[in-house]
Amino acid sequence: MAVQKPYRTRDLPIVPERTAIIVIDAQNGLLDDGTPEEKPYFQHRLHQVALPNIARLIGKARATGIEVIYTVIESLTLDGRDRSLDYKVSDFNYPKGGWDSKVLDAVLPVGDEIVLPKTSSSLFNSTIFEYLLRNLGVDAVIAVGFLTDQCVDLAVRDGADRGFEMICVTDACATKSEERHNWALRLNKGYCRQATTDEILAEMV
């Protein structure tokens with residue numbers, strides 16, 4: 001008989017064989033992203049906080065047997081005709097195979113780690129991520145990446161609705177302003193467990 005998990009808490013221990021870390025949209029397109037007013041904050045947060053913490057997390061994940069998976073915004077076509085309506089209306093297209101869609105050097109995949117192209121904000125809507133998790137026997141997901149109030153937020157919410165234990169690492173994601181970052185974390189707190197990089201690293205054993 002299967003042992004029921006204690007669902008009255010979000011603070012369940014990390015079990016490597018049933019956990020994956022998803023690195024969301026840590027790609028070259030971020031390097032030129034944002035308005036002139038946003039760029040100083042975002043670029044500092046990207047390079048000095050979020051990326052170093054993501055690197056630490058995926059390094060420890062690999063050492064402990066936690067699956068590392070990536071998603072990048074990338075159309076399946078050159079002209080982006082397969083994009084979501086939102087991306088079309090926003091005139092947002094990273095063509096198939098383009099530089100913008102490549103994972104940033106600071107957190108590159110290794111070996112046969114999976115990289116999923118997506119064409120909507122939620123990776124659950126435009127990739128086979130859920131299918132992969134089920135095949136891998138994973139039911140807990142550590143979410144890191146960009147942007148906190150967009151693709152990370154939607155991954156957390158959609159994952160929770162699909163029955164996954166979602167963990168958002170609060171200092172391993174970023175968006176265009178501190179206000180937006182904190183606002184997103186306040187709103188998605190009901191869908192996930194929130195923890196810092198140091199707290200998650202201490203549990204990866």
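Throughout, numbering of the chain's residues begins at 1 and tracks the sequence.
- Evaluation of the side-chain contact (heavy atoms from CB on, under 4.5 Å) rule for Asn125 yields Ser120, Ser122, Asp158, Arg162 as partners, not counting sequence neighbours.
- Under the 4.5 Å side-chain heavy-atom criterion for grouping Ile, Leu, Val, Met, Phe, Trp and Tyr, Val138 is not connected to Val15 through any hydrophobic cluster.
- A side-chain donor-acceptor contact under 3.5 Å links Ser101 to the backbone of Ile73.
- Under a hydrophobic clustering in which Ile, Leu, Val, Met, Phe, Trp and Tyr are joined whenever their side-chain heavy atoms come within less than 4.5 Å, directly or via other members, Tyr131 and Phe129 fall into the same cluster.
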>> Is there a side chain to side chain contact (heavy atoms under 4.5 Å, CB included) between Leu147 and Ile24? Walk through the geometry before answering.
In response: CA-CA 8 Å; Leu147 299 172; Ile24 299 170; over 6 Å; no

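- The salt bridge (charged side-chain N to carboxylate O under 4.0 Å, His left out) check on Asp79 picks up Arg81, with sequence neighbours excluded.
- Within the 4.5 Å cutoff, the side chain of Pro16 has heavy atoms near those of the Ile66 side chain.
- With sequence neighbours left out, the salt bridge (charged side-chain N to carboxylate O under 4.0 Å, His left out) criterion links Glu179 to no other residue.
- Considering all non-hydrogen atoms of both residues, Pro117 and Thr127 come closest at O-CG2, 3.4 Å.
- More than 12 heavy atoms of other residues, nucleotides or ligands sit less than 6.0 Å from atom CZ of Phe92.
- Here the shortest heavy-atom pairing between Gly80 and Arg83 reads O-NE, 2.6 Å.
- Rounding to the nearest 0.5 Å places OG1 of Thr148 at 12.5 Å from CG of Leu187.
- Val72 and Val152 end up in different hydrophobic clusters when Ile, Leu, Val, Met, Phe, Trp and Tyr side chains are linked at under 4.5 Å.
- The shortest distance between side-chain heavy atoms of Gln27 and Tyr94 falls below 4.5 Å.
- Pairs passing the salt bridge (Lys or Arg N to Asp or Glu O under 4.0 Å) check and including a residue from residues 59-76, sequence neighbours excluded, read Arg62-Glu113.
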> Would Val107 and Leu51 satisfy side chain to side chain contact (heavy atoms under 4.5 Å, CB included), going step by step from the backbone distance to the final call?
Replying inline: CA-CA 7 Å; Val107 291; Leu51 285 176; 4.1 Å; yes

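- We find that Arg157 and Asp161 are not joined by a salt bridge, their nearest charged nitrogen and carboxylate oxygen being 4.0 Å or further apart.
- Heavy atoms from other residues, nucleotides or ligands lying under 6.0 Å from NZ of Lys189 number 12 at most.
- Partners of Asp82 by side-chain contact (heavy atoms from CB on, under 4.5 Å), not counting sequence neighbours, listed by chain and number: Ser75, Leu76, Thr77, Thr119.
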>> Please evaluate residues Gln43 and Leu30 with respect to the criterion side chain to side chain contact (heavy atoms under 4.5 Å, CB included), reporting the C-alpha separation (whole Å), side-chain torsions for both, the decisive distance (0.1 Å), and the verdict.
In response: CA-CA 9 Å; Gln43 294 301 318; Leu30 293 172; 5.7 Å; no

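- For the side-chain contact (heavy atoms from CB on, under 4.5 Å) with Pro109, the lone residue among Ile114, Val103, Ile58 that qualifies is Val103.
- Here Arg18 pairs with Glu165 in a salt bridge; the nearest charged N to carboxylate O distance falls below 4.0 Å.
- Under the 4.5 Å side-chain criterion, counting only non-hydrogen atoms from C-beta, Ile167 is not in contact with Val141.
- Considering every non-hydrogen atom in both Thr170 and Cys173, the closest pair reads O-SG, 3.8 Å.
- Counting all heavy atoms, side chain and backbone alike, Thr175 lies closest to Tyr41 at O-CE2, 3.4 Å.
- Linking Ile, Leu, Val, Met, Phe, Trp and Tyr residues whenever their side-chain heavy atoms come within less than 4.5 Å places Val169 and Leu201 in a single cluster.
- We find that Lys176 and Asp149 are not joined by a salt bridge, their nearest charged nitrogen and carboxylate oxygen being 4.0 Å or further apart.
- Of the inter-residue distances, the one linking Ser121 atom OG with Asp153 atom CG reads 10.0 Å to the nearest 0.5 angstrom.
- The shortest side-chain heavy-atom distance between Leu133 and Phe164 falls under the 4.5 Å cut-off.
- Under the rule for a side-chain contact (heavy atoms from CB on, under 4.5 Å), the partners of Ala174 that lie at least two apart in sequence or sit in another chain are Phe42, Arg45, Ala50, Phe146.
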>> For Leu57 and Val144: C-alpha separation, side-chain torsions, deciding distance, then whether side chain to side chain contact (heavy atoms under 4.5 Å, CB included) applies.
In response: CA-CA 9 Å; Leu57 287 162; Val144 301; 3.9 Å; yes

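- When all heavy atoms are compared, the tightest approach of Leu12 to Glu203 is O-OE1, 4.3 Å.
- Asp100 places no side-chain N or O within 3.5 Å of a backbone atom of Asn28 that could act as its donor or acceptor partner.
- Side-chain contact between Leu123 and Ile22 is present, with heavy atoms from C-beta onward closer than 4.5 Å.
- There is a side-chain donor-acceptor pair under 3.5 Å between Gln194 and Asn188.
- Nearest heavy-atom pair, Met204 versus Ile142, reported as atom, atom and distance to 0.1 Å: CE-CD1, 3.8 Å.
- Looking at heavy atoms from C-beta onward, Thr64 lies out of side-chain contact with Val205 at the 4.5 angstrom threshold.
- A salt bridge is absent between Arg134 and Asp139; no separation between the charged side-chain nitrogens and carboxylate oxygens falls under 4.0 Å.
- Looking only at side-chain heavy atoms (C-beta outward), Leu31 and Leu104 come within less than 4.5 Å of each other.
- Listed for the Thr71 side chain is a donor-acceptor partner under 3.5 Å among the backbone atoms of Leu116.
- A 4.5 Å side-chain heavy-atom check between Val89 and Leu85 finds at least one atom pair inside the cut-off.
- Other residues, nucleotides and ligands place more than 12 heavy atoms under 6.0 Å from the CG atom of Asn135.
- Residue Leu132 is not grouped with residue Val23 when hydrophobic side chains (ILVMFWY) are merged at heavy-atom distances under 4.5 angstrom, including chains of intermediate members.
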